[in-house]
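Since the structure comes first, as structure tokens, the remarks are kept for the end.
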Protein chains: 2
Amino acid sequence: MELSERKKKVLRCVVELYISTAEPVGSKAVAQMPDMKYSSATIRNEMAEQTTMGYLEQPHTSAGRVPSAAGYRLYVDELMAEYRLSNDEASSINTAIEEKMQRVDKMLEKVARLVSQATQLPAISATSRQGGATVKRYDLILAGENSVILVVMLSTEQVVNKLIKLPLNITDTDLKLLSAVLNAAMTGLHAEEFTAELLQKVMTSAGNAGVLVPVILDFVTETLRHQAGTDMAIAGQSRLLGLPEYRDVDKAQKVLSSMDEEALSNLPAVMQGENGTKVLVGPENVAQELRDTSVVMTKFDIGDGMHGVIGVVGPTRMDYAKVTARLSYFAESLSKLFNKPENSQLPESTENQ
Amino acid sequence: MELSERKKKVLRCVVELYISTAEPVGSKAVAQMPDMKYSSATIRNEMAEQTTMGYLEQPHTSAGRVPSAAGYRLYVDELMAEYRLSNDEASSINTAIEEKMQRVDKMLEKVARLVSQATQLPAISATSRQGGATVKRYDLILAGENSVILVVMLSTEQVVNKLIKLPLNITDTDLKLLSAVLNAAMTGLHAEEFTAELLQKVMTSAGNAGVLVPVILDFVTETLRHQAGTDMAIAGQSRLLGLPEYRDVDKAQKVLSSMDEEALSNLPAVMQGENGTKVLVGPENVAQELRDTSVVMTKFDIGDGMHGVIGVVGPTRMDYAKVTARLSYFAESLSKLFNKPENSQLPESTENQ
DNA sequence: TGTTAGCACTCCTTACCTTTGAGTGCTAAG
DNA sequence: CTTAGCACTCAAAGGTAAGGAGTGCTAACA
């Protein structure tokens, strides 16, 4: 069933007025909108009808209307005007990403912080991967008398290292052998393939430096397992408190602590398969605590089957157009960044001086 | 000037009652405390006197008394009974630390989370170092056709790495030369000593692989600066909202956002030199936003001139005895953990891409 | 038939007033 | 020096009234 043009227009006005004022919207206010050609009485009828249809709600008889979850849904799906980022916004996002992404190990944290800044809402960023990573190569560097640096390159092009202290002296030749053995026997394997038998086999053939094998294996499996899991960061939680709907401390606390906990760590799972930007309006959230909170999230590509998710949490009354636009742009820029490694840091900025 | 025994006893009662009830304390309530041998009238006089002395405050004429900052100070310094952790508490902290500290790069985050759990307050954990780190050695590993792994070992024995993609082919010999040049010219330097002239000099003498120098230099300075600076994590912010003093959303927001921002990143600086556990009561905090919030923090040792700080943020009315006891125990346990090197569970490792 | 002006009605919000009671300071007696 | 007694203070709680934004409905109008 399609709604009439007028219905759509009115609903859209109500949603947008409510988004910007956070107060129930009266027929008069709608009538006063620039290109609204109807009187408040007509709009009153319209709104009454839409209330029975379930798109609007009335807090009490003599109050204005507030969009229902269904109303928001319709708005997001059909009525929302595409928000086009200004060049300023776009380039400020780009330069922010560019500046902050120096250290990848803090990546998630920084992304979350940036997204939160851009949207003025609490933000979450997370990574997850479909399959498991494997090891691509091992290198061993003798560093001083009795320590060796293990450098491991993963199939994801990520490089991790570990400093290992040696109880006894091991020569460079020993390390060369060990390294050769490792690269021959222990590459291309998933976390669960590092078995005790493999350990035995590698240890015996690694000769003198074989004592290092258990430590190395421990480290590698731990790393791979960690890779497979989900890592996440949260930023800007305090922004929630600035919003009128969270003047109610209990409400705010529920939302914030469900962010703190794992309640939202299924965020990447929700995005499984999906592409583009996903909006969960209020009750569409599974978690009970988020019943009157909306979540907007989007995926970005890290390459090699790995992807990340960024999302924000806010009141159902949030500026979906702006938020989705900014989030998508972020995701796009991040994807570019990660998939263009030669270009050391810069995602192609649309139109930057 | 020493206070009389009776004065101390009364003050202590007031503080402890207020800590547990969050309501202004009346003379009657104090008189009813188990070992209080005076009538409410006597205590009334006592409290009136302590009010003029500045240890107590009266929200309004007909209300009970609330400890002032000076009152808390006195309590913390002299009156507070040492809280002894039960075996249960101690061992649960220990097992928590042991279980969670698998990966060092997430260490801060996990410590913060644990501390927050143990104290039921928002917690911060941070690391900082006294001097600045320097680079001890560079290694370059050719990894595939057109990428090279830079491995940098710092004076702190920390190892960091970065994968660099090459636009043109560079031979192993080129890298050997570059590596030699780097190790000769760019070790032992602090972040601020990496000047433009140095860059020029190294670039010219590095021959073919000289193009890599700017990237390397960028990475290294950023890393050193990062080392010198403070790294920190926050957890459990939402717990603040459960406390009656932060029912006022504006107040809560001020505190939370000053945690989010750098306002508290001077936390390690505050601990500079100091040892043991430090309590900052309300206005003793420099930051304006924290005027009616207390901070308790303590240092722990990571070894190699590096130390960490853990702290919690809460209302001036907080259970100082419990909180300081738990915090100290945490710090102690962490110090032990970090200074037991054969316990190989804690590699100093850094991930990079 | 769709649109609009008018109007009575609803009911939340705000302000103001009163009551209540916990807690005080002071005084006088023990 | 301590304590009982008492008048006083003032925030908190509750109740009432005025104000006003917004509605639904009806009737007139294009």
Side-chain angles (χ1 to χ4, degrees), chain A residues 3-11 13-18 20-33 35-68 71 244-245 247-249 317, chain B residues 3-11 13-18 20-33 35-68 71 244-245 247-248 251 317:
Chain A
L3 291 167
S4 73
E5 272 314 305
R6 192 174 74 185
K7 280 210 166 40
K8 286 186 185 173
K9 198 164 186 177
V10 170
L11 181 53
C13 274
V14 173
V15 172
E16 284 172 1
L17 279 170
Y18 187 64
S20 60
T21 63
E23 301 271 299
V25 179
S27 54
K28 213 168 161 186
V30 175
Q32 276 164 1
M33 290 290 280
D35 64 340
M36 185 56 63
K37 302 183 298 286
Y38 301 99
S39 76
S40 70
T42 311
I43 296 187
R44 217 150 41 232
N45 291 331
E46 196 61 74
M47 283 165 77
E49 204 172 334
Q50 292 191 26
T51 305
T52 63
M53 292 170 76
Y55 294 122
L56 295 178
E57 280 167 358
Q58 210 168 8
H60 54 87
T61 7
S62 69
R65 300 306 207 288
V66 164
S68 69
E245 22 273 291
R247 307 292 310 182
D248 177 357
V249 182
R317 171 196 72 87
Chain B
L3 291 168
S4 73
E5 271 315 304
R6 192 174 75 185
K7 280 208 167 40
K8 285 186 185 173
K9 197 163 187 178
V10 170
L11 181 54
C13 273
V14 173
V15 172
E16 283 172 2
L17 278 170
Y18 187 63
S20 62
T21 64
E23 302 271 299
V25 179
S27 54
K28 212 166 159 188
V30 175
Q32 275 164 3
M33 290 291 279
D35 63 341
M36 185 57 63
K37 302 181 296 287
Y38 301 99
S39 75
S40 70
T42 312
I43 296 186
R44 214 146 48 229
N45 290 331
E46 196 60 74
M47 284 165 77
E49 204 173 334
Q50 292 191 25
T51 304
T52 63
M53 292 170 76
Y55 294 123
L56 295 178
E57 279 167 357
Q58 210 168 10
H60 55 86
T61 6
S62 70
R65 300 305 207 288
V66 164
S68 69
E245 24 271 292
R247 307 292 309 182
D248 177 357
K251 217 164 147 186
R317 171 195 71 88

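Quick note on labels: first sequence line is chain A, next is B, and so on, each numbered from 1.
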I need the CG-P distance between A:Leu56 and D:dT23, as an integer number of Å.
10 Å
Just N and O in the side chain of A:Ser27: are any of them under 4.0 Å from OP1 or OP2 of D:dT23?
yes
In whole Å, what is the span from the CG atom of B:Asn45 to the P atom of D:dA4?
13 Å
Quick one, B:Lys7 and B:Glu49 - any side-chain contact, counting heavy atoms below 4.5 Å?
yes
Test item: B:Thr51 side-chain N/O and B:Glu57 main-chain N/O as donor-acceptor pair under 3.5 Å
no
In whole angstrom, what separates A:His60's NE2 from C:dC11's P?
9 Å
Under the 3.5 angstrom rule, does the side chain of B:Gln50 hit a backbone N or O of B:Met53 as a donor-acceptor pair?
no
Can you tell me the distance, in whole Å, between the OH atom of A:Tyr38 and the P atom of C:dA5?
14 Å
Donor-acceptor pair (no angle test) under 3.5 Å: B:Thr61 side chain, D:dT9 base
no
Write down the distance between NZ (A:Lys28) and P (C:dC7), rounded to a whole number of angstrom.
15 Å
Expressed in angstrom and rounded to an integer, what is the separation of B:Glu46 atom CD from C:dT24 atom C1'?
16 Å
Donor-acceptor pair under 3.5 Å, B:Arg44 side chain vs D:dG5 base:
yes
Selection from C:dA22, C:dT4, D:dT23 that lies nearest to any side-chain heavy atom of A:Met47
D:dT23
From the options C:dC12, C:dT3, D:dT23, select the nucleotide whose nearest atom is closest to the side chain of A:Arg6.
C:dT3
Are any of A:Thr42's side-chain N or O atoms less than 4.0 Å away from OP1 or OP2 of C:dT4?
yes
Measure from CD1 on B:Ile43 to P on C:dG25 and round the result to the nearest Å.
13 Å
Using a cut-off of 6.0 Å, state whether more than 12 heavy atoms not belonging to B:Lys28 lie near its atom NZ.
no
Test item: A:Lys9 side-chain N/O and A:Asp35 main-chain N/O as donor-acceptor pair under 3.5 Å
yes
Proximal nucleotide (of D:dT3, C:dT3, D:dG24) relative to the A:Ala48 side chain
D:dG24
Should A:Ser39 be listed as having a side-chain N or O under 4.0 Å from OP1 or OP2 of C:dT4?
yes
How close or far is atom P of C:dT24 from atom CD of B:Gln58, stated in whole angstroms?
7 Å
Can you see if the side chain of A:Arg65 gets near the phosphate of D:dT23 - specifically, an N or O under 4.0 Å from OP1 or OP2?
yes
Look at the side chain of B:Ala41 and decide which nucleotide, out of D:dT2, C:dT3, D:dA4, has an atom nearest to it.
D:dA4
